[in-house]
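Notes follow once the structure below has been shown.
Counting convention: from 1, in listed order, for ligands and their atoms alike.
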Amino acid sequence: MTLIRRTFIACAVGASLLASGLASAQDIKPHLIRFGYGLNEQSNQGRATKVLAEEVAKLSGGKMKLRAIGAAALGSDIQMQQALIGGAQEMMVGSTATLVGITKEMALWDTPFLFNNAQEADAVLDGPLGDRVRAKLEEKGLVGLVYWENGFRNLTNSKHAVAKLEDMNGIKLRVMQNNVFLDSFKTLGANAIPLPFSELFSALETKAVDGQENPYNTILSSKFYEIQKYLTVTNHVYSPWIVLASKKWWDSLSKDERAVLMAAAKTSRDFERKDTRAEAAKALDELKTKGMQVTVLAPTEAARMRDKLTRVNAGIAANVGMDLWRDTQAELARLRTKK
Ligand code: KDG
């Protein structure tokens with residue numbers, strides 16, 4: 001038998017031992033976990049939730065079952081967050097941006113152009129700074145397990161191409177329910193209107209709003225291309241999602257049950273980022289074939305937009321705390337000089 005084959009078998013046995021090791025742990029009772037999310041089942045968010053459910057079942061020997069409930073059937077991000085805090089729902093995944101009313105430090109991740117690329121985002125979110133912000137949730141009744149990738153956000157609208165700052169004037173732009181997004185897009189000259197994601201498609205369809213901003217993946221999976229003619233590539237902010245548990249419920253679990261959930265969450269995170277990035281790489285071409293007119297900003301216009309958007313940074317720094325702000329800037333500088 002070749003060395004490669006022997007190694008492969010050893011890894012496979014190791015993996016199954018890990019799985020059975022957790023599953024054979026004594027202290028795992030049957031659980032039915034209601035897991036809510038806002039996008040549809042076919043989206044990157046839905047696909048990663050499926051992987052999470054499979055991992056939880058595998059690692060618990062089938063004792064812990066995660067019931068995935070998508071398309072905001074359990075409510076908007078904000079409504080689900082309240083249900084977790086009250087103990088009426090066990091888990092969810094949603095945007096960090098919709099958490100700022102509960103944990104102000106989450107606004108750090110709303111900072112326009114904070115991350116230059118996904119590698120920086122992974123390093124910060126999965127490192128001490130991401131942990132520090134996640135830990136702030138616990139005093140408010142939530143447990144943040146892992147960050148998933150929503151992605152770099154881009155602008156769509158149904159009125160006209162946005163090729164320069166002045167083209168934003170008067171556009172009724174839906175934003176997430178979050179003051180940084182509200183202030184950012186008002187600064188750009190848009191008429192910013194906060195709405196939950198669950199109301200977005202109908203608001204666009206009825207022209208209650210003219211436009212919105214989301215990663216390509218969401219524009220594709222939510223079929224916004226059917227009602228949005230114009231897409232402008234801005235990549236104005238990297239948006240994380242975060243997998244959350246009710247702390248009331250989490251505190252009732254055994255160490256083994258929490259170990260199962262954390263191990264499954266990390267596997268789902270790694271799958272989700274890979275899957276989201278693969279989809280995003282092809283999404284722009286797909287959106288063009290669906291009929292969207294894509295505008296890539298000229299460098300001078302991108303610089304003007306960036307200058308306007310980053311005017312909110314001083315307010316974010318004051319809101320999240322200067323220590324956290326400075327530590328984040330220092331970590332990004334370190335990552336950017338690291339060879
Ligand atoms: O449940 C939907 C949320 O994940 C939401 O945050 C998606 O980016 C989003 C938006 O624009 O609301």
Just distance, no hydrogens or angles: give the donor-acceptor pairs under 3.5 Å from side chains in residues 186-195, sequence neighbours left out.
residue : atom : partner : partner atom : Å
Thr187  : OG1  : Asp183  : O            : 2.6

| message | Filter on ring-ring contact (aromatic ring centres under 6.0 Å, His included), then keep only pairs touching residues 266-298, sequence neighbours left out; what's left? | response | none
| task | Quick one: which residue pairs count as a ring-ring contact (aromatic ring centres under 6.0 Å, His included) with a foot in residues 179-225, not counting sequence neighbours? | result |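 Only Phe185-His236 qualify under ring-ring contact (aromatic ring centres under 6.0 Å, His included).
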| request: For ligand 1, would you mind listing the residues that have at least one heavy atom less than 4.0 Å away, ordered by chain and number? | output: Gly38, Leu39, Gln45, Asp77, Gly94, Ser95, Asn150, Arg153, Arg174, Met176, Phe197, Asn214, Trp241
| Salt-bridge present (Arg47, Glu279; N to O < 4.0 Å) |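 Result for this pair is yes, salt bridge flagged.
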| query | Charged N to carboxylate O under 4.0 angstrom, Arg273 versus Asp122? | reply | yes
| field | Cluster overlap Leu182 with Met305, hydrophobic side-chain contacts below 4.5 Å | value | yes
